[in-house]
Amino acid sequence: MNTSYDFRGRVAVVTGGAGGIGQGIARVLRAGGAAVCNWDHAAQPAGEPYALSLHVDVTDEASVRTAVAQTLQALGRIDILVNSAGIVGHVAAVAEYTLAQWRQVLDINLTGVFLCCREVVPHLQARGSGRIVNLASIAGKEGNPGQAAYSASKAGVIALTKSLGKELARTDIRVNCIAPAMVATPLLDQMTEAKRAENFAKIPVGRAGTVEEIAALAAWLASDDCSFCTGAVFDASGGRATY
Ligand SMILES: NC(=O)c1ccc[n+]([C@@H]2O[C@H](COP(=O)([O-])OP(=O)(O)OC[C@H]3O[C@@H](n4cnc5c(N)ncnc54)[C@H](O)[C@@H]3O)[C@@H](O)[C@H]2O)c1
């Protein structure tokens with residue numbers, strides 16, 4: 001990958017940094033000189049040299065608050081927040097979906113992004129600058145059958161991104177989201193073979209995206225070069241998105 005930005009002196013938090021896309025984004029931020037902190041409830045991935053790795057449940061207010069305090073204590077500041085923690089959740093028709101299954105997906109994918117933004121934004125505001133990159137999904141624009149909770153959660157991430165982007169627009173804090181189609185990561189293991197095939201078939205370029213392709217876009221969104229874009233949704237769907 002040719003992507004290279006100057007992130008020296010910056011501290012980036014990546015939620016879901018033990019996962020496929022989170023690790024890829026962490027790599028490109030680190031390549032630019034950022035100190036990258038992983039917030040995940042899974043163990044730190046082997047071989048991923050995070051400056052700090054914290055056990056965090058993004059759905060838990062106290063856990064997120066503690067993570068902010070520990071990150072500031074260890075690394076001194078937060079400049080970049082990448083909200084990548086997420087799950088597919090149960091794949092089933094709405095009529096068969098339990099309330100508990102629905103709440104789990106909404107809690108992790110949407111409330112988790114809200115909580116991390118809410119706890120980190122005051123620290124960005126104190127210095128008047130920062131970058132937030134949220135992982136939404138093409139499902140949030142289109143709605144995938146059998147994935148109503150996932151699709152609704154990602155539509156929520158898109159709306160949250162737009163609202164927060166506008167709230168902070170008069171500062172140098174930029175808030176944007178990425179809407180990928182299928183990217184080859186462990187997340188896809190949560191889908192049945194049939195659901196994976198159905199989603200792959202919708203991608204005009206005829207292949208899954210790579211973690212590096214998502215990371216390159218995220219790096220630009222986290223950089224100073226992203227100065228006039230905020231509250232926006234960036235497509236990474238191999239041509240699937242029609243708007
Ligand atoms: N891979 C894809 O095809 C794809 C497509 C569109 C959008 N996305 C989105 O991109 C993001 C990253 O996906 P990925 O492919 O890297 O998935 P992944 O499964 O590889 O990683 C997700 C990470 O989130 C963590 N996580 C889950 N619940 C958590 C919680 N409560 N607290 C803290 N961490 C938690 C997991 O432990 C995991 O490390 C997700 O939000 C996903 O919805 C992925």
Side-chain angles (χ1 to χ4, degrees), residues 13-28 37-46 48 50 53-68 81-91 103-117 119 132-144 147 149-158 160-161 177-191 195-200 202-203 207-215 217-218 221 233-238 240-241:
V13 166
V14 179
T15 77
I21 290 174
Q23 284 186 60
I25 294 173
R27 252 173 251 138
V28 74
C37 177
N38 168 30
W39 292 0
D40 201 304
H41 69 175
Q44 171 164 350
E48 205 53 65
Y50 280 106
S53 202
L54 300 176
H55 184 274
V56 182
D57 179 353
V58 295
T59 69
D60 180 338
E61 211 169 8
S63 176
V64 173
R65 272 205 189 121
T66 303
V68 170
L81 170 64
V82 178
N83 282 300
S84 189
I87 60 165
V88 168
H90 189 55
V91 177
R103 283 191 170 140
Q104 185 199 28
V105 175
L106 270 289
D107 265 7
I108 295 174
N109 291 1
L110 178 56
T111 306
V113 177
F114 156 70
L115 284 175
C116 291
C117 287
E119 296 302 317
I132 297 177
V133 183
N134 296 327
L135 270 296
S137 168
I138 183 74
K141 288 179 164 188
E142 289 187 4
N144 284 351
Q147 295 189 277
Y150 184 79
S151 302
S153 72
K154 294 302 186 177
V157 170
I158 290 171
L160 170 58
T161 301
C177 67
I178 302 175
M182 303 281 273
V183 182
T185 74
L187 188 97
L188 302 190
D189 299 342
Q190 298 173 42
M191 291 178 200
K195 178 53 71 182
R196 269 196 299 273
E198 183 188 319
N199 286 343
F200 273 128
K202 293 181 191 168
I203 303 177
R207 64 168 175 84
T210 66
V211 160
E212 288 72 23
E213 287 168 328
I214 305 302
L217 178 54
L221 291 171
V233 188
F234 288 80
D235 170 57
S237 70
R240 178 175 156 184

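For ligands, and for the atoms within them, numbers begin at 1 and follow the listed sequence. Just so you know, residue 1 is the first one in the sequence shown, and it goes up from there.
At a 4.0 Å heavy-atom cut-off, ligand 1 touches Ile21 through backbone and side chain alike. No part of Ala208 comes within 4.0 Å of ligand 1, judged by heavy-atom distances. Here Ala136 has backbone heavy atoms under 4.0 Å from ligand 1, and that is the only part of it that gets that close. Proximity of Thr15 to ligand 1, defined as any heavy-atom pair under 4.0 Å, is not found for any part of the residue. Under 4.0 angstrom from ligand 1, the non-hydrogen atoms of Leu187 come from both its backbone and its side chain.
Heavy-atom contacts of Ser137 reach the following atoms of ligand 1: 6 (C), 7 (C) (cutoff under 4.0 Å). Taking every non-hydrogen atom of Val56 and a distance limit under 4.0 Å, the qualifying atoms of ligand 1 come out as 32 (N), 33 (C). Residue Met182 approaches ligand 1 through these ligand atoms, each under 4.0 Å from one of its heavy atoms: 3 (O). Every atom of ligand 1 with a heavy atom of Ala42 under 4.0 Å away is listed here by number and element: 37 (O). Using a 4.0 Å cut-off to heavy atoms of Leu188, the atoms of ligand 1 that qualify are 3 (O).
Ligand 1 is approached by Lys154 to a heavy-atom distance shorter than 4.0 Å. By the 4.0 Å heavy-atom criterion, Ala181 is counted among the residues contacting ligand 1. Using a 4.0 Å heavy-atom cutoff, Ser84 is listed among the residues neighbouring ligand 1.
When all heavy atoms of Ile132 and Cys117 are compared, the pair lying nearest together is CG2-SG, 4.1 Å.
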*After noting the C-alpha distance and the side-chain angles of Glu48 and Asn38, does the key distance pass the side-chain contact (heavy atoms from CB on, under 4.5 Å) rule?*
CA-CA 10 Å; Glu48 205 53 65; Asn38 168 30; over 6 Å; no

*Could you give me the CA-CA distance, side-chain angles and deciding distance for Val64 and Phe114, then say whether side-chain contact (heavy atoms from CB on, under 4.5 Å) is met?*
CA-CA 11 Å; Val64 173; Phe114 156 70; over 6 Å; no

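Side-chain atoms of Val91 and Tyr150, non-hydrogen and from C-beta on, never get closer than 4.5 Å to each other. Considering only heavy atoms from C-beta on, Glu212 comes within 4.5 Å of Arg27 through its side chain. Gln147 has its side chain within reach of Met191: a pair of non-hydrogen atoms, C-beta onward, lies under 4.5 Å apart. At least one side-chain heavy atom of Ile87 sits under 4.5 Å from a side-chain heavy atom of Val105.
Residue, atom and distance of the protein heavy atom nearest to atom 38 (C) of ligand 1 are Asp40 OD2, 3.5 Å. Nearest protein heavy-atom contact of atom 31 (N) of ligand 1 is Asp57 OD1, 2.9 Å. Of all protein heavy atoms, the one lying nearest to atom 20 (O) of ligand 1 is Gly20 N, 2.9 Å. The protein non-hydrogen atom at the shortest distance from atom 32 (N) of ligand 1 is Val58 N, 3.0 Å. The protein non-hydrogen atom at the shortest distance from atom 22 (C) of ligand 1 is Gly86 O, 3.6 Å. In terms of protein heavy-atom proximity, atom 15 (O) of ligand 1 is closest to Thr185 OG1, 2.4 Å. Nearest to atom 21 (O) of ligand 1 among the protein's heavy atoms is Gly19 CA, 3.2 Å. Regarding atom 27 (C) of ligand 1, its nearest protein heavy-atom neighbour is His41 NE2, 3.5 Å.
For the atom pair CG of Asp57 and CG of Asp40, the computed distance is 10.0 Å after rounding to the nearest 0.5 Å. Taken to the nearest 0.5 Å, the CG atom of Leu115 stands 11.0 Å off from the OG1 atom of Thr15. Once rounded to the nearest 0.5 Å, the distance linking CD1 of Ile138 with CD1 of Ile158 reads 8.0 Å. Taken from CZ in Arg240 to NZ in Lys141, the straight-line distance is 10.5 Å, to the nearest 0.5 Å. To the nearest 0.5 Å, the span separating CG on Leu160 from NZ on Lys154 amounts to 11.5 Å. For the atom pair Asn134 CG and Asn109 CG, the distance stands at 11.5 Å (nearest 0.5 Å).
Distances between N or O atoms of Tyr150 and those of ligand 1 include at least one value under 3.5 Å. Considering backbone and side-chain atoms alike, Val183 places an N or O below 3.5 Å from some N or O of ligand 1. Residue Pro180 has no nitrogen or oxygen atom sitting less than 3.5 Å from a nitrogen or oxygen atom of ligand 1, judged on distance alone.
Among the candidates Ile214, Thr210, Ile21, the single residue satisfying the side chain to side chain contact (heavy atoms under 4.5 Å, CB included) test with Thr185 is Ile21.
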